[in-house]
Colleague: 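Okay, handing you the structure first.
As the structure is a computational prediction, the values presented were derived from the model and not from experiment. To find a chain, count down the sequence lines: A is the first, B the second, and so on, and within it residues start at 1.
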Number of protein chains: 2
Amino acid sequence: MPEYLPTAPYRGTRDFLPAEMSVRTQVFDHLYEALERFGYLRYDGPILESAEIYERKSGQEIADQQLYTLTDRGGRRLALRPEMTPSVARMIAGNAGSLNFPVRWYSHPNCHRYERPQRGRVREHWQINADIFGSDSANCEIEMFELIHALLGSVGATEDMFLVRANDRNLLGSALTDLVGVSAEQLGQVFGLVDRWEKYDKDKLAEQAAEIGLADKQFERLGDVLSAGTALLDELPAPVKEASNLVKVLESEAASLVRFDPMIVRGLAYYTSTVFEVFDTSPENNRALFGGGRYSDLAGMFTSQQIQGIGFGMGDVTLMDFLDTHGLTPKPRSEVDVVVIPVAGELAGPARQVAAELRKAGLRSSTPLELRKLGKELSRADRAGARAVVIVGQEDWDAGNVTVRSLADREQQTVALGGAAAAVRALLD
Amino acid sequence: MPEYLPTAPYRGTRDFLPAEMSVRTQVFDHLYEALERFGYLRYDGPILESAEIYERKSGQEIADQQLYTLTDRGGRRLALRPEMTPSVARMIAGNAGSLNFPVRWYSHPNCHRYERPQRGRVREHWQINADIFGSDSANCEIEMFELIHALLGSVGATEDMFLVRANDRNLLGSALTDLVGVSAEQLGQVFGLVDRWEKYDKDKLAEQAAEIGLADKQFERLGDVLSAGTALLDELPAPVKEASNLVKVLESEAASLVRFDPMIVRGLAYYTSTVFEVFDTSPENNRALFGGGRYSDLAGMFTSQQIQGIGFGMGDVTLMDFLDTHGLTPKPRSEVDVVVIPVAGELAGPARQVAAELRKAGLRSSTPLELRKLGKELSRADRAGARAVVIVGQEDWDAGNVTVRSLADREQQTVALGGAAAAVRALLD
């Protein structure tokens with residue numbers, strides 16, 4: 001007995017069979033369309049990158065524990081990209097001379113991280129990345145928030161289903177320093193603590209605050225600051241607020257797109273001011289769907305030119321969960337519109353000819369590959385989601401005709417070959 | 001002075017900036033559409049697979065020299081897929097119980113091979129895979145040839161630009177054995193020699209034939225067989241021909257889609273009967289664009305169930321070269337249809353509102369992120385390929401109006417906000 005290899009995909013990766021792929025394609029096509037309506041241009045890049053670009057920039061957790069690395073036969077140390085930002089930074093830096101900044105770019109790469117597989121965590125995920133490069137205007141922040149609403153709207157979400165929570169790390173830094181009395185040395189660690197604020201219980205947070213060296217009173221004050229919402233802004237110094245793009249957003253007509261929330265910090269090291277996270281408001285799925293932020297120096301490891309940017313990455317797993325939770329997952333598309341069935345093997349050629357005519361008219365059309373009884377082919381066409389079949393019989397064919405049959409009501413009509421496409425089309429609506 | 005990392009992508013891989021990506025997207029969308037009109041369903045799978053599936057099946061050259069491998073933290077030996085067939089075989093085997101055979105599937109994966117980069121050879125390439133699984137009927141061969149013509153037709157190729165050359169390895173095997181006197185032990189090596197027939201000069205071929213142990217007369221006879229074309233069929237035994245799907249194709253109405261050519265063998269180990277290659281007929285680019293064939297036991301390493309298949313893989317590099325050679329490469333799409341320009345910073349909000357209205361009407365619309373002079377924004381909109389701009393001025397806006405300007409003839413008109421989309425649309429055609 002031969003030994004068979006397992007048919008499951010590598011742990012943490014996924015096979016997308018046609019039904020699931022059809023759902024995904026519909027969702028992503030809506031997102032691409034929404035992005036292109038805003039003038040975002042799609043790009044793509046290699047999965048393999050120099051390992052060094054992640055070790056320098058993506059934060060220690062990714063580089064130390066999550067990177068898939070390999071060495072090629074020429075001795076180059078490579079990594080499967082864990083995220084798109086370093087790749088796009090490389091491209092922007094390499095082409096900065098010919099780009100007309102600011103530019104709006106998007107991509108849809110797959111990214112690899114070595115994670116322990118669990119709900120919402122996979123090792124290969126697909127991520128829509130959208131960024132503006134080369135502008136520090138608050139108009140960018142406003143557009144990002146508009147775009148997020150448009151993207152989620154394009155897949156059927158209504159405004160009550162999600163919430164965009166935004167912060168500015170500089171506002172938070174000022175609050176921590178001026179209002180909580182956090183020292184410059186403690187600041188990085190306290191940011192980390194804030195990032196864990198909603199994940200841990202209060203005792204654990206207090207313990208960690210004490211380890212950082214915060215007094216009990218400071219810890220209490222920190223809790224007040226983080227839950228203050230917009231009221232916090234009244235306590236911050238004017239110059240800090242005037243420098244904040246997010247404050248400009250909150251003073252604009254776009255304020256309703258976003259909620260100021262001092263608790264949002266985002267883990268990734270390269271965000272420098274605005275940060276945001278989009279939350280599912282459903283009680284069953286109350287968690288961050290995706291997020292992003294602004295970076296003041298995107299491509300510093302590739303060029304001396306300082307390039308600002310703002311953007312986000314929307315992962316497929318949490319997005320699909322969101323759609324499922326809200327009943328927004330589209331149905332798989334039918335396999336074909338119409339099946340052309342020859343009643344005998346000798347009529348396979350004529351059936352192919354009819355199918356070719358139907359395709360020219362834009363109809364998705366197939367012919368059976370193997371000769372089966374008509375009844376079997378009819379139920380097969382039904383299972384494939386076809387709305388009609390065209391039956392090719394010898395007598396009809398000799399007279400230049402075919403039979404068009406509705407699979408919904410089983411009514412059929414004999415039509416001239418040239419009229420078949422229109423007769424089928426009439427059954428599709 | 002800091003040390004900057006190189007901005008070039010890893011050798012043999014490619015960055016696709018927006019202009020090139022737009023060209024590719026247009027081409028691939030045509031191909032997807034053509035495939036879906038034939039009822040082919042898209043699937044996808046992980047880039048990382050167990051290294052073992054390639055070592056068992058893909059042929060020694062790939063496994064020994066071309067595979068990118070790595071070991072994960074759990075000690076699993078993985079490879080970046082060098083081709084899609086083993087992955088899809090795994091999926092088909094794992095889901096055979098719920099599939100309604102025969103099935104038509106397609107995919108568009110990127111595949112990695114460690115090649116010495118040169119024209120037409122990259123280390124990461126994208127490949128359209130189309131296959132029928134679960135049928136041994138000659139209708140499959142006919143459909144494959146129809147599909148190839150439809151795919152190339154969908155991107156603008158006419159019938160004179162390419163040629164489908166097809167063979168049946170069993171016909172060739174019979175010819176080599178019966179007509180050339182090749183022994184069973186020599187057969188594999190002679191297939192290899194045939195595969196190199198058009199690449200090497202005659203002296204080199206003769207030398208290699210001698211090494212295999214062919215007599216001079218046999219080598220001469222081999223040359224006659226390979227250049228005999230359809231006439232060869234007359235010399236082959238009837239049972240061999242009756243068992244050949246390709247012979248059935250040549251006797252059908254679809255014979256004109258393909259040329260029988262005994263010289264086609266294809267390198268890949270798993271093809272078992274029909275093999276084909278599509279050639280560019282242009283003198284500047286006379287070479288194989290892509291190819292495929294039939295395999296009698298697709299998933300033998302995963303299951304005892306014998307699953308037939310036939311399919312092909314169409315790589316992006318040769319396809320794009322083909323389109324270039326024949327002047328068929330589409331132009332990049334414009335970045336937007338229309339740019340909405342506020343004449344002052346305070347009008348950025350109204351401009352966003354206008355742009356949102358235009359997007360709802362299906363128009364790709366952007367607003368400037370930074371405040372520049374109108375003239376600068378007009379030329380910027382022109383460079384972006386916009387056909388129109390909408391100018392938002394304070395007085396107009398207070399009266400509920402905007403100015404719609406054609407970038408082609410610079411004519412402009414003042415219209416009510418609600419009429420802006422229609423006025424812009426009129427300028428697009």
Colleague: If only side-chain N and O atoms count, and only distance matters, is there a donor-acceptor pair under 3.5 Å linking S87(A) with E49(A)?
Modeller: yes
Colleague: Examine distances only and state if a side-chain atom of D131(B) and a backbone atom of F133(B) form a donor-acceptor pair shorter than 3.5 Å.
Modeller: no
Colleague: Please look at R76(A) and chain B and tell me whether the side chain, the backbone, both or neither of the residue comes under 4.5 angstrom of a heavy atom of that chain.
Modeller: side chain
Colleague: Taking every non-hydrogen pair under 4.5 Å, which of N100(A), L70(A), L17(A), L99(A) racks up the most with chain B?
Modeller: N100(A)
Colleague: May I ask you to name which of E36(A), R380(A), R383(A), R14(A) has the most heavy-atom pairs under 4.5 Å with chain B?
Modeller: R380(A)
Colleague: Under 4.5 Å heavy-atom distance to chain B, tell me which part of A8(A) shows up: side chain, backbone, both or neither.
Modeller: backbone
Colleague: Which bit of Y32(A) comes within less than 4.5 Å of chain B, counting heavy atoms only: side chain, backbone, both or neither?
Modeller: neither
Colleague: Any sub-3.5 Å donor-acceptor pair from R123(B)'s side-chain atoms to E115(B)'s backbone N or O?
Modeller: yes
Colleague: Please classify the contact of P332(A) with chain B as side chain, backbone, both or neither, using a heavy-atom distance under 4.5 Å.
Modeller: neither
Colleague: Side chain, backbone, both or neither: which part of L78(B) has a non-hydrogen atom closer than 4.5 Å to chain A?
Modeller: side chain
Colleague: Please flag which part of E335(A) lies under 4.5 Å from any non-hydrogen atom of chain B: side chain, backbone, both or neither.
Modeller: both
Colleague: By a 4.5 Å heavy-atom criterion (distance strictly below it), what part of S135(A) contacts chain B: side chain, backbone, both, or neither?
Modeller: both
Colleague: Less than 4.5 Å to any heavy atom of chain A: does that hold for the side chain of F38(B), its backbone, both, or neither?
Modeller: both
Colleague: Without hydrogens or angle criteria, can the side chains of E124(B) and N110(B) be said to hold a donor-acceptor pair below 3.5 Å?
Modeller: yes
Colleague: Check for a donor-acceptor pair, side chain of R37(A) on one end and backbone N or O of A150(A) on the other, with a separation under 3.5 Å.
Modeller: no
Colleague: Could you tell me which portion of I132(A) (side chain, backbone, both or neither) has an atom closer than 4.5 angstrom to a non-hydrogen atom of chain B?
Modeller: side chain
Colleague: Hey, which of T13(B), L358(B), V336(B), L369(B) has the most heavy atom pairs under 4.5 Å with chain A?
Modeller: L369(B)
Colleague: Contact between N139(A) and T367(B) at the side-chain level, heavy atoms closer than 4.5 Å - yes or no?
Modeller: no
Colleague: List for me each residue that meets ring-ring contact (aromatic ring centres under 6.0 Å, His included) alongside Y43(A), sequence neighbours excluded, and say none if there are none.
Modeller: W105(A)
Colleague: Do R42(A) side-chain atoms and Y106(A) backbone N/O form a donor-acceptor pair below 3.5 Å?
Modeller: no
Colleague: In terms of heavy-atom pairs under 4.5 Å, which option from E20(A), E143(A), R104(A) contacts chain B the most?
Modeller: R104(A)
Colleague: Heavy-atom distance under 4.5 Å to chain B: side chain of L5(A), backbone, both or neither?
Modeller: both
Colleague: Report which part of A348(A) has an atom under 4.5 Å of a heavy atom belonging to chain B: side chain, backbone, both, or neither.
Modeller: side chain
